[in-house]
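The structure under discussion appears below in the form of structure tokens.
Letters A, B, ... are given to chains in the order of the sequence lines, protein chains preceding strands, and every chain is numbered from 1. Note that this is a predicted model, so its numbers are computed, not measured.
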There are 2 protein chains.
Amino acid sequence: MAKAGAKRGSYHHGDLARALEAAAITVLEERGPDGLTLREVAAAVGVTHAAAYRHFEDKTALLAAVAEQGFRALALGLAAAVDREPGDALARLRAFGEAYVAFALDHPAQYGVMFGPRLNESGRFPSLEDAIGEVVTIVAKDIKAGQAAGRVRPGRTRDIGMSIWIFSHGYAELVHRRRVKVKNRAVALEYFQTLFAPVLRGLEAE
Amino acid sequence: MAKAGAKRGSYHHGDLARALEAAAITVLEERGPDGLTLREVAAAVGVTHAAAYRHFEDKTALLAAVAEQGFRALALGLAAAVDREPGDALARLRAFGEAYVAFALDHPAQYGVMFGPRLNESGRFPSLEDAIGEVVTIVAKDIKAGQAAGRVRPGRTRDIGMSIWIFSHGYAELVHRRRVKVKNRAVALEYFQTLFAPVLRGLEAE
DNA sequence: ACCTGAACACCGTTCAAGT
DNA sequence: ACCTGAACACCGTTCAAGT
């Protein structure tokens, strides 16, 4: 049982670290954020669970790697969505929020790890912090452009970015917890637009 | 070690169920949402961990009871805060959001349980659902009053309530995860007001 | 009726030992 | 240098046995 799951080649001289990260994401999306065990991840890769400790200090370190990879993927997705948007600064902010929610909906378990366990207490994993910084940078850029164009209300750019993050994250969270009830992905995104529009209106220049 | 913690009286004919709930909340706020074990809760009450199963079907059921109690306390706090507010409907909505965030900040671990583990998948714990309903009812009442007074934008009451919930929850979540950086409770509440004001402005009648 | 004691399967972590 | 095997302490859950 422990050696099921194939992967014939030995990981001697392979990249076990990345193989474990990838397997962790797979297991995560199958079993949910709580069901992840180091032992199953190792088994999925065809290796003893103790082998993981050669590459990750502990289970938290593996989760931090998964979270970091998630934030980098999120940043790429957000940048692409914003660049794809032909409208003005406000339209780009709307696209940002929608792409953010879409990522959370499409990777629920990974998103759960990104925000779930209190990773990075006491500043372990500085590269995780860097990855989060990328996300923040993306909104900030468009908010400044919007302010320069007189479409977004003046004031601290960071505050406006936070508001957008808070609302997008809060929405994704409550959908995951089934407190916002939506039938499917399409409806979830549509309902987000409905709720997000008035919020954005509050962030417009008067 | 297992019998430390005092509580001289036998729980034979006492209310072990509620004693376990109370102990769970204490342990939770000390150890954090992840560090809670059934065994430590039982030990804190002076009972074998197996005894808990006479009162709760499993660990999840105990957590659900903790969550339910949390939602009821939250509803009481929100109702009190709103009633204390002398201003108009919008001021009451602001008071609602602030009281919501205050509760989350003051009971971080319990709040984590209320939204953390995927409790209540497949409709176990219907009374938990009831408790959540109380919270929703409170906002709805004031939104309707605000709409009647022409202060809150017309449209689906539920949507506006959701937006307020989403923003308050999202803020509390990101503070807990240290993604919103604030020095202390007072600053956290003040910063919430700063961010919440423009959002509320978007929900005003035009 | 309510709780204890002991067992079971499972987990994260460690470490000597193999190659 | 990298992985295995076996051990350790701990967990949730179950159940026969005590009172």
Side-chain angles (χ1 to χ4, degrees), chain A residues 1-21 23-24 27-28 30-66 113 116-119 121 124-125, chain B residues 1-21 23-24 27-28 30-66 113 116-119 121 124-125:
Chain A
M1 181 74 80
K3 300 195 174 176
K7 294 289 161 51
R8 220 81 254 290
S10 158
Y11 275 93
H12 250 286
H13 295 134
D15 196 344
L16 181 55
R18 282 183 204 173
L20 287 170
E21 287 179 35
V27 172
L28 220 39
E30 279 173 2
R31 291 275 199 280
D34 297 331
L36 183 92
T37 70
L38 223 46
R39 293 166 111 103
E40 183 173 359
V41 171
V45 153
V47 110
T48 302
H49 63 278
Y53 287 86
R54 188 72 36 181
H55 302 274
F56 296 96
E57 206 178 333
D58 52 22
K59 186 184 179 182
T60 302
L62 174 58
L63 289 179
V66 168
V113 171
R118 237 176 275 300
L119 301 173
E121 292 287 275
R124 284 178 82 186
F125 320 124
Chain B
M1 181 74 82
K3 301 195 175 176
K7 295 290 160 54
R8 219 81 254 288
S10 159
Y11 274 94
H12 251 285
H13 296 135
D15 197 343
L16 181 53
R18 282 185 204 172
L20 287 170
E21 287 179 34
V27 172
L28 219 39
E30 278 172 3
R31 291 274 200 282
D34 297 330
L36 183 92
T37 70
L38 223 45
R39 293 166 111 103
E40 184 173 0
V41 172
V45 153
V47 110
T48 303
H49 62 279
Y53 287 85
R54 187 70 38 181
H55 302 273
F56 296 97
E57 206 178 332
D58 52 22
K59 187 184 179 182
T60 302
L62 174 58
L63 289 179
V66 168
V113 171
R118 236 176 274 301
L119 301 172
E121 291 288 275
R124 284 177 82 187
F125 320 124

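As rounded to whole Å, 12 Å separates atom C1' of C:dC11 from atom CG of A:Leu36. One can place CG of A:Asp34 at 14 Å from P of C:dC11, the figure rounded to the nearest angstrom. Rounded to whole angstrom, the span from the CG atom of B:Leu16 across to the C1' atom of C:dT4 amounts to 13 Å. B:His49 places its NE2 atom 10 Å from the P atom of D:dT13, with the value rounded to the nearest Å. Rounded to an integer number of Å, the gap from A:Asp15 CG to D:dC2 C1' is 13 Å.
Listed by chain and residue number, B:Arg124 satisfy the salt bridge (Lys or Arg N to Asp or Glu O under 4.0 Å) test with B:Asp58 (two or more places apart in sequence, or in another chain). The salt bridge (Lys or Arg N to Asp or Glu O under 4.0 Å) test applied to A:Arg31 returns A:Glu40, not counting sequence neighbours.
In this structure, OH in A:Tyr53 is found 5.0 Å from CG in A:Leu38, a value given to the nearest 0.5 Å. Atoms CG and CD, from A:Leu62 and A:Glu57 in turn, are 12.5 Å apart once rounded to the nearest 0.5 Å. The distance from the CZ atom of A:Arg54 to the CG atom of A:Leu16 is 11.0 Å, given to the nearest 0.5 Å. Distance check: A:Asp15 CG to A:Glu21 CD gives 8.5 Å after rounding to the nearest 0.5 Å.
Each salt bridge (charged side-chain N to carboxylate O under 4.0 Å, His left out) pair with one or both residues in residues 41-51 of chain A, not counting sequence neighbours, would appear here, but there are none.
The heavy-atom pair separating A:Leu28 from A:Val66 by the smallest distance is CD2-CG1, 4.0 Å. The shortest non-hydrogen separation linking A:Ala23 to A:Val45 is CB-CG2, 3.6 Å.
A heavy-atom distance below 4.5 Å is not found between the side chains of B:Thr37 and B:His49. Side-chain contact between A:Val113 and A:Leu36 is absent, with no heavy-atom pair separated by less than 4.5 Å.
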Please produce a list of atom pairs where a protein N or O lies less than 3.5 Å from an N or O of nucleotides 8-10 of chain C.
none

Dot-bracket notation for DNA chain D, counting Watson-Crick and G-U pairs under 3.5 Å, with | for partners on another strand: ||.|||||...|||||.||

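Remark: A:Arg54, A:His55 in residues 53-64 of chain A come within less than 4.0 Å of DNA chain D through at least one heavy atom.
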